[in-house]
Structures are given as C-alpha cells and as structure tokens.
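This report refers to the structure that appears directly beneath it.
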2 protein chains.
Amino acid sequence: MSDTVEAFDAVDLIRTKRDRGELSTEQIRWLIDAYTRGYVGDEQMAAMAMAILLNGMERREIRDLTLAMIASGETMSFDTLGKPTVDKHSTGGVGDKITLPLMPLVASFGVAVPQLSGRGLGHTGGTLDKLESIPGWRAELSNEEMFEQLRVHSGVICAAGAGLAPADKRLYALRDTTGTVEAIPLIASSIMSKKIAEGTGALVLDVKFGSGAFMQDIEKSRELARTMVDLGTDAGVTTTALLTNMNVPLGLAIGNANEVRESVEVLAGGGPADVVELTIALAREMLAAAGQPDADVEAALADGRAMDSWRAIIAAQGGDPDAALPVARETHTVLADRAGVLVEQQALPFGIAAWRLGAGRARKQDPVQHAAGIDLHAKPGDRVAEGQPLFTLSADEPARFARALDALEGAYRIGDEGEAVQNGGPLIADRIA
Amino acid sequence: MSDTVEAFDAVDLIRTKRDRGELSTEQIRWLIDAYTRGYVGDEQMAAMAMAILLNGMERREIRDLTLAMIASGETMSFDTLGKPTVDKHSTGGVGDKITLPLMPLVASFGVAVPQLSGRGLGHTGGTLDKLESIPGWRAELSNEEMFEQLRVHSGVICAAGAGLAPADKRLYALRDTTGTVEAIPLIASSIMSKKIAEGTGALVLDVKFGSGAFMQDIEKSRELARTMVDLGTDAGVTTTALLTNMNVPLGLAIGNANEVRESVEVLAGGGPADVVELTIALAREMLAAAGQPDADVEAALADGRAMDSWRAIIAAQGGDPDAALPVARETHTVLADRAGVLVEQQALPFGIAAWRLGAGRARKQDPVQHAAGIDLHAKPGDRVAEGQPLFTLSADEPARFARALDALEGAYRIGDEGEAVQNGGPLIADRIA
C-alpha cells in the first residue's frame with residue numbers, strides 16, 4: 001500500500017478486461033507504472049494476463065501497453081551514429097542461428113546492426129550463449145563500447161541493458177510461470193517495447209510458425225507479425241516481417257558451438273541451403289529498410305566481405321575468430337536402419353533432445369553446455385543408404401543420451417522413394433509490411 | 001522450490017484450463033495441496049482462477065476442488081451430539097440479518113444449529129460483527145464450548161476455526177484482489193468446502209439474486225444454487241436452496257446494532273413482513289431437512305419459545321440480552337419531498353451508503369462501527385405523505401453523511417398512486433433441491 005492517491009484500482013481494471021471491456025490509455029499507463037512500482041502485485045498482473053490472453057486487446061490497447069512498457073525504463077538513440085540502423089528479431093526456433101551470419105553480412109554494407117539480446121530459456125542457448133562458445137568473447141559491453149563498435153565495425157551483438165523496458169522483464173518472468181506466454185498482445189508488446197526503446201531506425205522480424213515454433217499455427221503467426229509490424233510502424237520504426245517455416249530444424253546444427261561453426265561456413269560462402277536462403281532473405285529486408293534495396297548480398301558472402309566483418313566484430317568483443325571451438329566429451333551417432341528417403345524430421349523433438357543433452361538451460365541461472373547438441377547428417381528429402389549416419393548427439397555426460405533418444409522416438413522417418421516429404425512447405429511463407 | 005518430486009507442473013495445469021480442458025481428480029488434488037504448501041504461488045493460482053472464471057469447470061471438477069479444499073484442513077463431526085444438525089448459509093445481501101432470528105427459532109425445536117461464521121468485507125458487518133454489538137457477547141469459542149452449547153441450547157453462532165478448509169481461506173483472499181470472485185465453481189467450492197468440513201448433517205442455502213446481491217442475474221444464481229445443492233448431496237449432506245430477491249433491502253434496518261434490534265422484534269412475534277416471511281421459509285426448510293417437516297414455526301415465534309432460545313444462546317456466549325444496544329452519536333433523516341407511493345428503493349446504493357457510514361469494513365483488519373447504519377421508515381409500495389421521514393442515517397462522525405447521501409442519489413423514488421413498484425418480484429422466487 002502506498003500513501004499517494006492511486007488513479008485506478010487494479011481490481012476494477014482486471015474486471016474490465018475479464019468482462020471483455022477495453023482499457024483506456026490512462027488505465028494501461030497506470031497499470032504498468034503501478035506494477036513497476038510494486039503497487040500492483042504479481043497475482044493481480046497474472047489474473048490480468050490471463051484475461052488478456054483469453055479476451056484479447058484492441059490495436060489501440062496493445063500500442064498503449066507497448067508505450068507504457070517503454071516508459072517504464074530508459075530509451076536509447078543511435079541518431080548520433082551518422083548511419084542507418086536496422087535490427088532483426090526472431091521469435092525463435094530449433095537450429096535458428098541466423099543472427100550470427102546475418103549481423104556481419106548486413107554490417108559489411110556499412111549499415112549499423114545493434115543486436116541487443118537476452119538469454120532466454122530455449123531448447124538451445126540464445127545468441128549470446130552461442131557466441132560465448134568462442135574463447136574470449138564477451139557479451140557485456142558498456143554503452144560507450146557498443147557505440148564505438150557500431151561506429152567502427154557497424155555490428156554488435158551484446159547483452160541488452162537492464163534499463164530497457166524493465167516492466168517487460170518482470171512481466172515476462174511472470175508470464176513464464178503462469179501459463180500466459182502465448183497471448184499475442186503480450187508477446188507483441190514485449191518484443192516491440194524492447195526494440196523501440198533500443199532506438200533502432202528499422203526492424204525486420206522473423207516470425208516462425210510450425211511444430212518447432214512458439215506458435216504452431218501460421219494464422220496465429222501472421223496475426224502476431226501483423227500486430228508487431230503495426231506497433232513498429234506506429235512508433236516510427238520501419239518494420240517488416242517474414243513468416244518462416246519451423247516444422248523442421250533450421251540447418252544441420254542444433255546447439256551452441258556447432259551453430260557457430262555452421263554460421264562461419266555460411267560466412268565462408270558455404271553452409272546448408274536453408275540457412276543461406278533465410279540469411280539472404282533477411283539481409284535483403286534489412287538493407288532495403290536501411291536504404292540499400294539493391295545491395296548485392298550474395299557477393300558479400302562469396303567474396304569474403306561478410307567474413308571479414310564477422311572476424312572484426314568478434315575480435316572487437318575479445319573473441320578469437322581463429323580459436324578452436326569446444327568439442328563434447330562424448331558423441332552418439334544414429335544410423336539409418338534402412339535405405340530410402342528421409343521424409344520426416346520434426347523440429348520440436350530435436351529441440352527437446354538438444355535441451356536434454358545440455359544445450360539449453362532448465363533455470364535462468366543455469367549455464368549452457370556449449371559443446372552439447374545435435375548435428376544432422378541428412379535433411380528431409382535426402383536419399384539415405386542403410387547404415388548411413390542420420391545424426392550425431394554430443395554431450396559431456398553420457399547419461400544424457402538415453403533421455404535425448406527418448407525425445408527423438410518417432411521424430412524422424414525413412415520412407416520410400418516418391419513418398420511425400422513432411423516439411424510443411426516452403427521456408428519463407430509470406431512477407432508482412 | 002521443493003526437493004520432493006512434484007506430481008504435476010502448475011503451468012501445465014493452468015494451460016489445460018486456459019485451453020478449455022478438464023483437470024483430472026489427481027491434478028486438482030495436487031493443485032490445492034501444492035497451493036496450501038506454498039509450492040504453487042499466488043500468481044499461478046490467480047491465473048488459474050481467471051481461467052476457471054472465464055472457461056468454467058465440469059461438475060466433477062467442482063466436486064474434486066471442494067473435496068481438495070476440505071482435505072487441506074481438519075474436519076468436524078457432530079455425530080456424538082445425539083440430535084440432528086442443520087446449518088444455513090446466505091450468499092449475502094443488504095439488510096440480511098436472517099441468521100439472527102432463524103438460528104434460535106430452529107434451535108427451539110431441539111435441532112442443533114452450528115453457525116460457524118466469518119467476518120467478510122460486506123456493506124455491513126457479518127453475523128459475528130452484528131452480534132458483537134450486544135455487550136459482553138463473544139464470538140470465539142473453543143470446540144468444547146461449542147459442543148456443550150449445542151448440547152444444552154441447540155444453537156451457536158461462533159467464529160469458524162482457522163483449521164477448516166485453510167486452502168479456501170487463502171484462495172478467497174486472493175480472489176478478492178484479482179477480480180476472480182464471481183466464478184461459480186470457485187464460489188460454490190468455497191462455501192461448500194467449509195460447510196461440509198464443519199460436519200453439518202443438513203444445509204439450507206439462501207441464494208440471493210438482484211441488484212444488491214453478489215450475482216444480479218437470477219439464472220446465474222440458479223446455476224450457483226444448483227451447483228452447491230449438487231455438491232452437498234454428493235457429499236452426503238441433505239442440501240436445499242431458496243432463490244431469494246435482493247433488489248430491495250431486507251427489512252427496515254441496515255447496519256449492525258439496528259439489525260440485532262430488528263431481529264429481536266421478529267423473535268418477539270413482530271418485525272417487518274419480509275424478514276418474517278424469509279425467516280419462516282428458511283426455518284421450515286431447515287426443520288424439514290432435520291426430520292421435522294410439520295414443525296409449527298409460527299407458533300414458536302408467537303409464543304416466545306424462539307425468544308427464550310435466543311436469550312439462552314446469547315447469554316451462553318457472555319452476552320446480556322437485556323443490555324441496551326449502542327446508539328450512534330449523530331443521525332440524519334431524509335424526508336419525502338412529495339406525497340405519493342415509494343416505488344423504488346435499490347438495495348445496492350443503500351448497502352454502499354451503510355458502508356460509507358461505517359457499518360462495514362474497508363480492510364479486513366478494520367473494526368466495524370456497531371451503531372452506524374440506516375433505518376428505513378418506508379418500503380416499496382408504501383404510501384408516503386410530504387415531509388414524512390423516508391429513512392434515517394446513523395453515524396459516529398457527521399462527516400460521513402455527505403458521502404452516504406451521494407450514494408443514495410437516484411436510489412429511491414416517490415411515484416404516483418398506481419405506478420408500478422420496482423421491487424423485482426416476489427421475495428422467494430424458487431426452491432432448488
């Protein structure tokens with residue numbers, strides 16, 4: 001209880017949303033401010049989050065919620081940089097390491113890419129965890145270091161300061177424990193409040209759908225993409241989104257160090273076709289948003305400019321781009337039990353298996369095991385011979401293999417030549433602008 | 001976090017109910033147990049309560065929830081008393097003092113009436129608060145004292161022990177602050193868990209509907225009554241319910257001491273017609289449930305048996321039935337500004353006005369002001385002359401009158417002879433068995 005007179009009563013606001021009413025701008029502003037101050041309790045916000053999840057919010061309410069979360073903390077500006085800024089956000093998926101090749105690729109065109117990231121609780125580590133498998137690399141930069149790196153190298157991936165949208169931080173942790181993660185107004189305002197507060201001039205969203213995505217249903221993903229694009233546009237940030245397929249793992253590596261390895265292959269002009277395709281598509285979106293619609297992205301990958309950019313940016317953050325990446329103590333390889341075509345490889349079970357191998361964290365304070373993960377040797381549509389390796393599990397503790405293999409039961413299948421491949425369609429399903 | 005292995009994950013259960021699924025018996029049992037232990041947090045229970053409010057529960061789930069709340073604490077049994085027991089519960093309304101004349105009336109037939117009550121946050125105090133306006137009367141009895149009083153006098157009204165359904169206590173407080181009070185599965189299981197744990201053999205429910213009730217809509221009240229009657233029946237408690245009208249205040253007194261005064265009038269064979277009608281109807285239900293369907297209830301009021309029972313029961317709990325009741329320091333009487341018929345007298349504004357005069361409490365720890373309240377001098381349908389007193393407000397602090405009168409703006413109306421009276425129909429609308 002506070003001694004100041006409060007403008008609203010939390011119970012009234014919860015009841016309004018519970019009864020399918022609309023919250024006013026002033027009510028939403030008060031709610032987020034009072035929650036940040038601790039006057040509105042977690043149990044009240046949890047009831048509100050469930051009411052929002054089940055009853056929805058109008059576009060105007062979502063915008064007010066986003067602005068209120070921005071107002072709960074500090075904001076940054078890259079205006080003094082003297083070059084355009086563009087950021088990218090992915091809703092996350094199994095094997096999604098796209099930020100790693102994408103950031104230096106776009107930066108190699110002189111466009112500033114400020115990737116402020118968190119760590120999260122995914123099947124594998126977040127972008128910061130993946131990069132921390134590079135010896136010496138550090139995620140924590142001061143604001144001055146970050147600006148200086150953007151000025152000199154145009155790219156940075158570092159830990160987001162705690163000062164950006166602190167209300168979102170508290171609300172996100174609450175949603176995690178109260179079954180209220182999957183509410184589009186809450187997801188959209190959470191992502192966009194941080195990106196808008198960060199001060200990027202443009203933003204490209206990679207919104208995933210399919211069995212390994214946060215939202216399985218493409219229409220739900222489309223709604224989320226549309227909501228976020230509208231929020232960005234309303235806030236003066238040039239925002240576009242790609243709807244991309246997450247029914248099968250992205251690329252061949254699922255983990256941390258192995259995903260860095262795969263990203264370096266892409267920067268060297270190689271790498272799996274799907275990772276290359278998505279990297280190029282997102283780079284084109286970002287460069288177009290930054291005023292370079294005709295940038296020759298493929299050339300920058302082919303001629304080493306993107307790789308040079310990567311090496312400089314990694315080195316600037318203390319990393320040794322030539323150092324050997326960690327390798328697991330144990331591996332376990334699964335072979336094809338028949339000849340045929342790999343017709344199924346479900347993203348979600350492979351994600352869970354990687355998590356059980358130690359690639360992700362169970363609790364926020366846990367470390368990830370950088371060398372743990374899965375390397376795929378075949379992708380859906382590939383012909384395989386009997387006895388050919390299908391995938392290799394890596395872990396530091398052999399006891400982890402059995403539980404990982406449990407998760408993979410029924411998750412992949414070798415079929416006959418000509419059988420339909422279950423991959424859920426093209427990689428890039430739609431573009432929202 | 002506990003070190004024991006938990007049978008379920010709270011987030012899974014919340015998501016199940018959020019997605020309109022059914023919770024199993026084991027899941028509900030675990031949820032309430034884990035909430036009582038503190039393993040499931042308030043914020044998780046708040047999200048669950050909102051999901052239950054919006055998505056409902058099956059009859060089987062509500063029964064499991066009720067049983068789980070009973071299992072969270074101790075249970076009592078009146079088997080050794082050697083006489084039938086019957087209790088009554090009202091969902092509460094403005095001027096609802098029926099327990100006061102009803103309990104001694106039924107007890108005068110040798111049927112044990114164990115009224116274990118709470119205090120609550122209503123417009124006026126609860127039954128215990130009302131009785132505490134009698135000098136010397138005390139609400140706190142040991143179990144031994146309660147049993148002895150039931151043995152000798154057949155009636156007791158005392159504070160419910162903290163040991164009965166403690167999960168309900170915690171959940172009720174949470175619902176109060178999270179906008180989740182109005183969920184039928186939660187209301188029904190809250191009321192019935194306490195009544196079943198208390199060990200009564202029969203139970204009569206007074207379920208109110210109308211503007212001054214917890215649930216305005218009669219169909220919602222019917223659903224609540226049906227749910228509670230089913231819960232009681234399933235648990236082996238003979239349970240019936242009356243659906244009663246709470247569009248206008250019950251009786252002429254709204255407060256604490258003045259409600260005791262009115263109750264004593266009823267026990268003396270007088271009192272307002274509606275209070276008498278409901279007291280008699282509920283007494284008949286209770287006595288029928290206790291095996292005395294032909295008990296002459298009116299005679300017990302007329303010949304002083306009910307009054308003798310009242311005096312003995314009040315005295316047994318330290319109260320002086322002859323002592324003067326407290327009187328407020330200030331009164332303010334509102335007169336009719338024209339002649340005509342009182343066609344409207346809305347329960348809710350009169351309840352709020354009584355609360356603003358000090359008759360109810362704002363926070364659980366606050367005391368009530370026993371002499372504060374409202375005395376009505378006319379009821380809907382009564383003819384009034386210009387200048388005739390309509391009602392009198394009583395308070396210890398004169399500053400309270402203005403805010404109470406604000407609440408009464410538009411709450412009553414004098415119309416022309418022949419104009420329809422807005423009282424929402426008969427007092428007793430239906431019986432559910």
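Chain letters run A, B, ... following the sequence lines, proteins first and then strands; every chain starts at 1.
For L13(B), no part lies under 4.5 angstrom from a heavy atom of chain A. With a 4.5 Å cut-off on non-hydrogen atoms, A10(B) does not touch chain A at all. Only the side chain of N55(A) comes within contact range of chain B, with at least one heavy atom under 4.5 Å from a heavy atom of that chain.
The greatest number of non-hydrogen atom pairs below 4.5 Å with chain A, out of A46(B), A47(B), A51(B), is found for A47(B). Ranked by heavy-atom pairs under 4.5 Å with chain A, the list L53(B), D12(B), D9(B) is led by L53(B). No other option in T177(B), D42(B), T180(B) has as many heavy-atom pairs under 4.5 Å with chain A as T177(B). In terms of heavy-atom pairs under 4.5 angstrom with chain A, the leader among M48(B), Q44(B), R18(B) is R18(B).
Other residues, nucleotides and ligands contribute over 12 non-hydrogen atoms within 6.0 Å of the CZ atom of R60(B).
The side-chain heavy atoms of M50(B) and I14(A), taken from C-beta on, include a pair separated by under 4.5 Å.
Once rounded to the nearest 0.5 Å, the distance linking CE of M45(A) with OG1 of T178(B) reads 13.5 Å.
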